[in-house]
Amino acid sequence: MKNESTSSLQISRRTLLQTALASSCLLSGLDSPWAFAEDIKEGVTEPTSQEVARAIDIMARTTSDNVTSERLEACETIQRSVDRLRAKEFSTYFNSSAEEASRWENERGVLRYLNASFDKILEEIPKTEVAANTVVLWHVYNMGYVVKTPTQTFAVDIKHRRAKELLPYIEFLLVTHKHGDHYTDAFCQQVAAAGKPVVAPFIENEWTPTLEGRELKFGDCTVKTTQVDHNDQLINFVTTFEINCGEASGNCVIFHVGDACRVRQLNPAQQVDVFIPHLAVGLNVPEAVNDKLHPGVTLLSHILELGHLIDKWRWSYTYGYNICKKCNNDSVLLPVWGEKYVFTR
């Protein structure tokens, strides 16, 4: 298991993270998510263009398995912009024309970062050659990932205003559930119109997941589906995907569980290499990682969901790093938008 850009430091990632946190103002509030009113927290200022440019550069050249004080500084810069962007403003931006979106990006650092991170992904996907026994994952936004194996490329839970630009690269799309922060109707329709499979519990086609579970085959990839609970009201609402990426990948297994909330419902048939959970939906992540699944690496996801209210379900970098700390496990990481992660068996 490795990240392509990992340094050769002898210190453990967890020790490095704790050291960086201790020297960062992000240390405050570690035991709870930052809770701000939707009217924006008093005293929080939008970062300058220079600050945002520096943060974007740092995010692009640092990695989630080598969290330095410099990366935490960048996180704080982006967080300031996050905490000034109302959910309704993000909705306006998301549905705007390219020209109008550009205006928003010029004014709001977090949107400029979101756009720049997508540019990075689009540049890297076609250029990245995947070695044997390896898979490469790009974190797009929320719980969205693009995965490239030695033989295939696919995507899970993609929500992005520019999602259509991924269409030439992906061979199939998986969607965990019918909540608007995990998919868009437009992109699902575009993938289907291109003759590529879309697997979603709310779309009726030959690949629709069932309550009993299914095993689907797409080229070298085998996808096992299971229905699990989102919460006490939304029973069997979320589809988990256990993806064996094929022999060329070393049969690497990715377990993307969407908004699954119960550890007891996570029962993959194979040893998990890459585990992708929601970090705050109610799932006991330390229990899932340390006591049950023992994955090769865990990529905590669903932070900074801009479509959620500032003071409700918009979890901060601080909250995510606190979950990493609680897991007491060097393989639990918090990837940022646009980050490329290389897993080798």
Which one of Thr62, Asn66, Thr63 satisfies the side-chain hydrogen bond (donor to acceptor under 3.5 Å, both in side chains) criterion with Arg71?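 Passing option: Thr62.
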Centre-to-centre under 6.0 Å for Trp315 and His278, is that the case here? yes
Ring centroids only, cut at 6.0 angstrom: are Phe187 and His160 within range, meaning strictly under it? no
Using modelled atom types only, decide if a donor and an acceptor are shared between the side chain of [X] and the backbone of [Y] within a distance under 3.5 Å.
X	Y	answer
Asp273	Val253	yes
Glu105	Asn115	no
Ser117	Leu114	yes
Gln79	Ser316	no
Arg54	Thr77	no
Glu89	Arg86	yes
Lys326	Pro286	no
Lys224	Ala269	no
Arg214	Pro209	no
Lys164	Gln190	no

Pair [X], [Y]: side-chain N/O donor-acceptor within cut-off below 3.5 Å:
X	Y	answer
Asn329	Asn290	yes
Thr153	Glu171	no
Thr128	Lys148	no

Under 4.5 Å between side-chain heavy atoms, counting indirect links through other Ile/Leu/Val/Met/Phe/Trp/Tyr residues: same cluster for Val140 and Phe275 or not?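 Yes, it is one cluster - the side chains of Val140 and Phe275 are joined through contacts under 4.5 Å.
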Please determine whether a side-chain nitrogen of the Lys or Arg among Glu100 and Arg103 lies less than 4.0 Å from a carboxylate oxygen of the Asp or Glu.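 Arg103 and Glu100: salt-bridged.
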Lys/Arg N to Asp/Glu carboxylate O, Glu70 vs Arg61, below 4.0 Å: yes
Kindly compute the distance separating [atom1] ([X]) from [atom2] ([Y]), expressed to the nearest 0.5 Å.
X	Y	atom1	atom2	answer
Asn244	Asp220	CG	CG	9.5 Å
His139	Leu334	NE2	CG	7.5 Å
Tyr145	Glu339	OH	CD	8.5 Å
Ile203	Thr208	CD1	OG1	8.0 Å
Cys261	Ile235	SG	CD1	7.5 Å
Ser301	His256	OG	NE2	6.0 Å

Heavy-atom closest pair (Cys221 atom, Cys245 atom, distance to 0.1 Å) is SG-CA, 3.9 Å
Compare every heavy atom of Pro295 with every heavy atom of Ser331, then report the nearest pair and how far apart it is.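 Shortest heavy-atom separation between Ser331 and Pro295 comes out as OG-O, 4.2 Å.
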Is the CD atom of Gln271 crowded by more than 12 outside heavy atoms at less than 6.0 Å? yes
So with a 6.0 Å cut-off around CH2 of Trp104, is the heavy-atom count from everything else above 12?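 Check passes, neighbour count above 12.
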Against Thr176, only a single residue in Val238, Val228, Thr225, Val199 fulfils side chain to side chain contact (heavy atoms under 4.5 Å, CB included); can you say which?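 It is Val238, the one option of Val238, Val228, Thr225, Val199 that forms the side chain to side chain contact (heavy atoms under 4.5 Å, CB included) with Thr176.
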Hey, which of Leu306, Asp157, Ile121, Leu304 is the one that makes side chain to side chain contact (heavy atoms under 4.5 Å, CB included) with Tyr141? Leu306
Does NZ or CZ of Lys159 fall inside the cone over Phe94's six-membered ring, less than 6.0 Å from its centre and within 45° of the axis? yes
With a 4.5 Å cut-off on side-chain heavy atoms, are Asp259 and Phe237 touching? no
Residue pair Ile170 / Ile125, side-chain heavy-atom distance below 4.5 Å: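 Side-chain contact under 4.5 Å: no.
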